[in-house]
Every structure is written in C-alpha cells, then in structure tokens.
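Accompanying notes for the structure given below.
Chain identifiers are assigned alphabetically (A, B, ...) following the order of the sequence lines, protein sequences preceding nucleic acid strands; residue numbering begins at 1 within each chain. None of these values were measured; they are calculated from a predicted model.
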There are 4 protein chains.
Amino acid sequence: MAVKRGAGQAGAEDATPAGQAPQARRPLRRGQRGPSPDKTARRRDGIVRAAMAAFMEHGFADATMADVAQRAGVAKGTPYRYFPTKEALFEGVVQEVIGKALFGAGKETRLAGERVGAYLRRTLLPAMREIELAGRAAVARLVIAEGARFPALVEVYRREAYEPLLRRIEALGREAVAEGELRSDALVRFPHILVGPLWLGMLHNGLFRQAGVLDIGEMFAAELDLIFGPPPESPPTHVG
Amino acid sequence: MAVKRGAGQAGAEDATPAGQAPQARRPLRRGQRGPSPDKTARRRDGIVRAAMAAFMEHGFADATMADVAQRAGVAKGTPYRYFPTKEALFEGVVQEVIGKALFGAGKETRLAGERVGAYLRRTLLPAMREIELAGRAAVARLVIAEGARFPALVEVYRREAYEPLLRRIEALGREAVAEGELRSDALVRFPHILVGPLWLGMLHNGLFRQAGVLDIGEMFAAELDLIFGPPPESPPTHVG
Amino acid sequence: MAVKRGAGQAGAEDATPAGQAPQARRPLRRGQRGPSPDKTARRRDGIVRAAMAAFMEHGFADATMADVAQRAGVAKGTPYRYFPTKEALFEGVVQEVIGKALFGAGKETRLAGERVGAYLRRTLLPAMREIELAGRAAVARLVIAEGARFPALVEVYRREAYEPLLRRIEALGREAVAEGELRSDALVRFPHILVGPLWLGMLHNGLFRQAGVLDIGEMFAAELDLIFGPPPESPPTHVG
Amino acid sequence: MAVKRGAGQAGAEDATPAGQAPQARRPLRRGQRGPSPDKTARRRDGIVRAAMAAFMEHGFADATMADVAQRAGVAKGTPYRYFPTKEALFEGVVQEVIGKALFGAGKETRLAGERVGAYLRRTLLPAMREIELAGRAAVARLVIAEGARFPALVEVYRREAYEPLLRRIEALGREAVAEGELRSDALVRFPHILVGPLWLGMLHNGLFRQAGVLDIGEMFAAELDLIFGPPPESPPTHVG
DNA sequence: AATGAATGAGGATTCATTCAT
DNA sequence: AATGAATGAATCCTCATTCAT
C-alpha cells in the first residue's frame, strides 16, 4: 500500500529531521522534564531496530507503523516523534547501516610487497565473512527490494557503499595488471566481477535460505583462488 | 432503489500474441460462442504484459489492479477473469517469463574438442547479452524484491531457473578441471561465482540505471577472459 | 450486496414480464427455431428451482446469479432471458410457491354438524404436517428475511397467503363462539393466536434445526387439543 | 508522490450512555491519556445504535459500514476500532440486546396461591407489551433474517433467549396441569404454543406494519384468556 | 514527550448486468 | 435462444497520519 498520504516529500525539511533525535535541539534545562536524553536516544534506537526488523520481514509497503511501534514497545504515535513519515523511518534504518562503514577494504593500504590477491584475502575476505552478521546483507536486500520507491536512498547507497568498493577494486585490478599478477584487465573494466558473487550470495541467503545457506566467505575465498591463484602458504582447494 | 449502469466502451483491442485461456486451455467447441480463443489469449497476454510493467514500475504492493487494467486497455474487473487475485497475477507474470527457457546453455552440448570457455562464449554469452531485452532481468528483480511475499514463487524460480544454471556450470567446471582448462575447482564448489556478476549486473541496471547502464554481455565476456583466459582467435581485452 | 444496479424497478413493465416464459408471445412457426416450448418451460422451471435453492441457502443478497445459473445447468446469461433482474427472479420464486394455494383450509366447507375443532383437525392439520415438505416454510422464511427489500412481494404474500388464513380462522372462531364450542372470543379478535405457533415452528425449523426439529403437525394437534379440547374419539395426550 | 490528507472535522459528539471499551474493559490507568473511558463507551454505544438502525432498515448485507459510521457521526474507519468486521458489529448489536435480560418472566417466582394464568398475566404480559419498544422484536427479526449467515449468533440467541423462556413455560405448564388449572399437557409438550403468537406478532409488525400494527400485548392477553380462562376480577373479552 | 483514538483516502475484490458471437 | 467474456459501480477494510489529552 505504500505511502500515499505523507505530509511532505521524503527527506525534505520536516519539523524533525529524520535521523536526529528530537531532543537534539533542546538545550539542557534544570528541572528536567521528560525522559533523559539518554533514554530518548535509546528509544530512537529501539524504534530503528524495530523498524529494521519489520521492514526486513514484510518489506516496506507491508510493514505497518503499528507493528514497528509494537516491536519497539512504544505507542503507535511515538515513532512519529522521531521520524516524520514512514519513508523517513525507512531511510533512517538504511542510513544507520550504511553509515557503519560498509566495507573495511579501502581503508587499509597494501603492505610493502604484498600482492593484490593477498591483500584482498587479508582485508576484504573477513568483511565478507561477516557480512551476514552485520545485517548489511539484509539492508542491501532491502535497498534492492525497495529501490524503486527510494531513488534518493539508492543514490546514497550507490555513492557511499557501492561505488567506493568498485573503485577500490578497479584500482587494485589496475595494480595487479601492472604488477603482472593478472594478465586480464577484466577487473579494471568490470570490477563488478569481483563483487558480483558477493551480491549473489546475499540474495541467495535472502531468497533461497531454505534450500541451503551459501557460505559467502568461503565462496569469496574460492573466487580469489580462481582469479588470483591459490594462496602460496596453504595450497588448499585446487586441483593438480 | 436501482442504480443505472452505463454499458461502457469495450476496451481498446491490443495485439499481443500467445497466451492461455482463463481457466485452462479450453477445448475447441462446436458452435463457438463468445470471443475467439485467439482474442481471449491476446487479452490474457495483454494483461500479463501490463501487469509486468506495472509491477516493475511500482513494485507489487504499490501497483494497483486498476493501473494494470488501464494499461491493458480493459475494465477494472477484467483481469480478475484471468487471475483470481493480484498475487495470482504476479505469479502469472513471473511464470510467463520463467517458462521461456531461461538460458540456452544446457540445451546445447559441447562440440567435439570444444573447450569449456569457448562453449560458454558460444552459448551463455548470447543469452546474457539478451537478458535485459527478454524481460528476464526485470522479472529476476521482481522476484528478489517481492520474494518474501511469494515463497512458493521463489521456490519455482529457484527450481526452474536458478538451480539448473548452477548445476550446468558446476558440471562444466568439473569438466574444465578434468581437462586441465582450469586449475581451481572453485567453480565446482561455487558455480555461483560465474553467475554472480550476472546478477549484480541485473541489479545494477535495475537500481543504478541513472548512473550508467552496465553492459552485462561485455562484462560476462570479460569474466570469461579472466577465468578461462582470452579466446584464441581474437586477443582482445587483455594486457601485455 | 443486494441489487444496486438493476435496470428498472422490480416488477415493472420489462420486456419479458417476470413469471412468463419467453416463448409465450411467440406464435408457433413452422420450421421451428430454437428449443421447443416444452424445453423452454422446463428450463424456466429449472432456473426457478435453482434460484429457490440458492436463495434459501444464502439469502437473497448473498446468492449469486452465477450460482443460480450453475445449479440450473445453464450459462450465466440465461436466467436473464426469463427474469430481467435478480429481484424479478426472487419474486418469481416466491410467487411460484404462493401460487400453490398456501393452505387447503378455507377451500373446504365444514361438514354438517362438524364442530370447528374437528373441522380444523380434518383440514388444516394435514396442511401443517406437510408445510415443510412443500417448501412453503422455506419460502415463508425467505419472505421474512428479505421482506424489507421486497415490500411489493410482502404485500402479495400478505394478501394471498397470510390474510386469507387469518380471515378464515376469524370466521371459524366466530362460529365456534356462536355454537358454544369456545367461550372466549380471542380467536375472533386475534386469529393470529392459532397460526402463531405454526410460524414459530417454521422459524424454529429454519433457525434452530440443529438443536432439534419441531414437529409442526404434532404441535398444531396439541394446540387444537388445548383450545378446543381433545378430540372425542381418541382421548390421547391429555391429563386426568 | 505524497498526497495531502485533510485532517477532517471530528465527528459530532453523540450522547448515549453505557457501553464497553474497544477491546476489553480497560483498567483505569494513571496519567490518563486520550479520551475518557466514558467518551469511548459513549462512542461505542452510538456505533451499536447506529448499526442496529442500519441493519434493521436495510438488512445485514445491504447496510453499509459507511452508513453506520455516518449515522453514528464518526469517520468511516472508526467503527473498526470497536468491531473488527461488519459481522462482529452485527453480533455486537444482537448481543447488546440479548444481554439485556430478554424476559422478565422466570425471574420472579409465583406468589403463594397464585394461579399460573394470573402469574403469566402479572409477569410475562408486561414484557410482551414492551417488546417492540425495547428493540427486542427488531433484533429477533434481524436474527431470523440473517440467521443463516450467523450460526454462532443464532446459537447464542437460542440458548440465551429462546430456550429459557420455553423451559420456563414448560415448567409452568406442568404446574398448571398438576394443579388442575389446565387439563391438557399441550404446553408441557409444546411450550412453543404459548410464545408462537408472540413471534407471529413480532413478524407481523416487522413485515406487515403498513397493513396495521398488531397489539402484541392485547393479543397475548387474549391468548391467556383463551387458554387459562378469563381473569376472575375483570370479566373482559369473552362471550356470555 | 508520549499516547492511542480517530480520521479518511485508497484499493482489492465482487457480481449484477450487458452484448457480441 | 443461449452463451460467457467483459464491464464498472459499489463496498469492505487497511493503515499512515493527526491531535486532544
């Protein structure tokens, strides 16, 4: 059923900007009225958490604000004190997760003499292994599912999470080619190739969980083996 | 007490071929009454097309049956003659596409002496290049987006479209390893690696179209180069 | 959902008057086209019967024309050839039953020297005993249930079925008083008293069937005993 | 994308007493928020009244929730806060009336030396006289008309209203026989005989009102005269 | 700040009726 | 005369949002 009756455009300048706790603007007063800032922050957090669960379970359109409120243990009107519309709440949820530095890779630099394959194994692989745990896969699935309704959010996601990783891989691919580690410039032209399996994995585990969970970490390790050759120390799963 | 009802103009005739009669394929009857089976089939098909467009544009929950009907040029109640509920209509849309043999690969066998990479370039690559045109990418995105609401449909999709391709790639990977074309068994353990970029491409073109369309065919070609080495005749996109 | 969109007022002068078979106005022609009048009459009858069943099962509003048609084994449009609207069909059903002389009583005159109680036992009691079988109770229940929607029909029912019986009883009550068989003029003033249990019985068997069927014939016999005293020959169900 | 929503005027306050809180009787809370329980109860009651009127006027199927809301002076969605479905609202209406102790008879015991006829004149007759006023006749008609759709409700009605009166009459009939007041055991075997005219009266006044209202009280008095003999003090409507 | 009763726009669905075949 | 596909008005119900308390 979607949002048909919102008061304003999502993300527009509403009284209470999405993503900020109401009390943010309230100067501390003596004779404190209402909940402590601490409690308020906790409440906002509980609402976001509840909303994430609700959206993931039902999708944006079918999740109800009443359900969110109930999961958060607050009254039906309370989430509106933190997010002016359902859309803003959704954005709050997604940005909460995007904000948590989507991928560690790109933050660390290659060690001296470290080959690209080794570097990826050291930095990106652990992130992959954790990707389900961190709820990032779930949010990615949410963005995919609801992207048509939230172009602005998609743009943020693309800019903050999707492109940086691709650019980083592109650069690494270029280095790998320059250093003779790769003969093909495929990763330079299509860094998507490296992360594609990751996305497939997230989707697989979102859609086809019942038919068996895909171990994204293991898959990524195998992919690195396939593209960069097996790691030198541990000659694991290869043939001949 | 009684309210007049205008008869209403018959919806504009659309002209789309193929399709099925409302309930089941109606056996030809003598003394044919009512619209020809042909026209009925056209109408059903027009509704499915309209629904696909509507679902792709708004998502399942936000697409309205009225919109579907209007796009199909029929009255609001007409889609219900062909699909008892909105959900059934959605399933009709997806199965329509699934039914159209998702990938050519697996239908053809490898030629004598043909290497696996070459075989994939010959069979799977063309399918990739057409994947957007055929609406398969769009349907895949729909299944991803609405999967939580349609577990049965997801299962069908998995069984009919997703798994067969993975199994085929797994088998090919095994052959490639046995024949020395690949040294890693990564594709045997995770055939997902090969199709991952394909899925990413579909999502990319669904979500980030505005930031640039990803050429899935080219990307897949590059991927084959990366994994299987460049094709012998045309030494194209590689370095040094 | 009732009839909201009928073309005209129920019972008004439509092309095909309710209650008449279509062929009624068609002069016999040689080279006969279409079904024989006989078959047509049978079809009309089948539709009425199907409608009666449907209305009794679901009530007027919830019975669907499609259901009626299916029960009658004809196409959805066919009933409209015999009855212009659903309301007309309903009226056709009721009048069909009303037409069948609701009660035998009143048709026969008292025998010479026959007391009123005996006369009622001889004439009305058998009608009571059959009232369920004849479907008259069912139609009475229908009229009760849907009366608000069919004032004209209620009026017919009242005039043709309800009042005649009351008038007859009133007259008999007067005779009974005059002849000393009854001391109270209650039946003269309220002939309803005599038929009230009958109505209750019909309702009981319509509503509370599951909790036990009420034997209307037996009840009426007991009522006659109570009011007129036990029949002389067989002193059955009384005390002392 | 977002459509503006007017806030709308709050519905006019109605002023009807008694009733229940939406879900269950809400225990008084400290720091009371929202409308007083009193106002909530009034609103619920107003909705029930409006629904009773609507159902009685149109029958269940043809009464619309919008009409109920309008009659109650509330918004279209408000009745749903009190009754989850139209059916539940109907049940609420019926139980509201059933709950009001259907008949005084059976609550009072016979006075010492009071004959059964006198007792019935003292207790049941006044209830009969009021039966239309209290809306009980209307509800009985509703139950009759819509019984097929509400078997559970019919059962409640039977258990709470119908059977108790029959059992009471049966017992009284037995006493009357034992005490020599009645010679026939008809009322013992068929207590329905005594209440039958009452039901007929309710139906008569529901269906045939236009042709003249039946005075149920007078009729019942006449019936008691007929069955138990005239009251000793006032030798009223009998024939010399 | 929080509550939750009330609002009312919106949409899926039903089905009496029409009419081309 | 019969058919049954198509029509579209009507209505139940949901739920995001508001606001008096």
Side-chain angles (χ1 to χ4, degrees), chain A residues 1-7 22-23 26 33-35 39-40 43 64-67 69 74-78 80-81 84-87, chain B residues 2-11 22 29 31-36 39-40 43 64-67 69 74-82 84-86, chain C residues 1-7 22-23 26 33-35 39-40 43 64-67 69 74-78 80-81 84-87, chain D residues 2-11 22 29 31-36 39-40 43 64-67 69 74-82 84-86:
Chain A
M1 279 123 213
V3 175
K4 302 273 157 47
R5 295 158 291 175
Q23 91 289 1
R26 181 161 50 80
R33 300 290 179 78
K39 184 172 175 192
T40 294
R43 184 157 279 197
T64 68
M65 291 298 273
D67 179 33
V74 300
K76 223 169 21 159
T78 304
Y80 285 91
R81 297 204 63 75
T85 64
K86 192 184 177 188
E87 297 204 356
Chain B
V3 174
K4 294 293 184 297
R5 302 181 54 212
Q9 287 300 104
R29 280 192 306 105
Q32 183 80 43
R33 304 288 173 75
S36 69
K39 183 173 174 191
T40 293
R43 188 152 276 198
T64 69
M65 290 300 272
D67 180 33
V74 300
K76 215 156 35 117
T78 303
Y80 286 92
R81 281 201 59 70
Y82 296 84
T85 64
K86 193 184 175 188
Chain C
M1 277 126 217
V3 176
K4 302 273 158 46
R5 294 158 292 177
Q23 91 290 2
R26 181 162 51 81
R33 300 289 180 78
K39 184 173 175 191
T40 294
R43 184 156 279 198
T64 68
M65 291 299 273
D67 180 32
V74 300
K76 221 167 26 153
T78 303
Y80 286 90
R81 296 204 64 76
T85 65
K86 192 184 177 188
E87 296 205 356
Chain D
V3 175
K4 294 293 182 297
R5 304 180 53 212
Q9 288 301 105
R29 278 192 306 106
Q32 183 81 43
R33 304 288 172 76
S36 68
K39 182 174 175 190
T40 292
R43 189 153 275 199
T64 69
M65 289 300 272
D67 179 34
V74 300
K76 217 160 29 123
T78 302
Y80 287 93
R81 281 201 59 71
Y82 297 85
T85 64
K86 193 183 174 188

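Two residues, A:G77 and B:K76, neighbour DNA chain F, and the one matched to the more 5' nucleotide by heavy-atom proximity is B:K76. With the nearest nucleotide of DNA chain F identified for both C:T78 and A:M65, C:T78 has the one nearer the 5' end.
The shortest heavy-atom contact between B:A69 and B:P79 is CB-CG, 4.0 Å. Between C:K76 and C:A66, the closest heavy-atom pair is CD-CB, 3.6 Å. Nearest heavy atoms, D:T85 versus D:Y80: CA-CE2, 4.4 Å.
In this structure F:dT3 sits in a base pair with E:dA20, meeting the Watson-Crick or G-U test at under 3.5 Å. Across all strands shown, E:dA9 is found opposite F:dT14 as a Watson-Crick or G-U wobble partner, with both distances under 3.5 Å.
Between the CZ atom of C:R81 and the C1' atom of E:dC19 there is a distance of 11 Å, rounded to whole Å.
The phosphate of E:dG8 (OP1 or OP2) has no side-chain N or O of D:Y80 nearer than 4.0 angstrom. The phosphate of E:dA2 has OP1 or OP2 within less than 4.0 Å of a side-chain N or O from A:R43. Between C:K86 and the phosphate of E:dA16, there is a side-chain N or O to OP1/OP2 separation shorter than 4.0 Å.
When distances are taken from the side chain of C:T85 to each of F:dC15, E:dT17, F:dT7, the shortest belongs to E:dT17.
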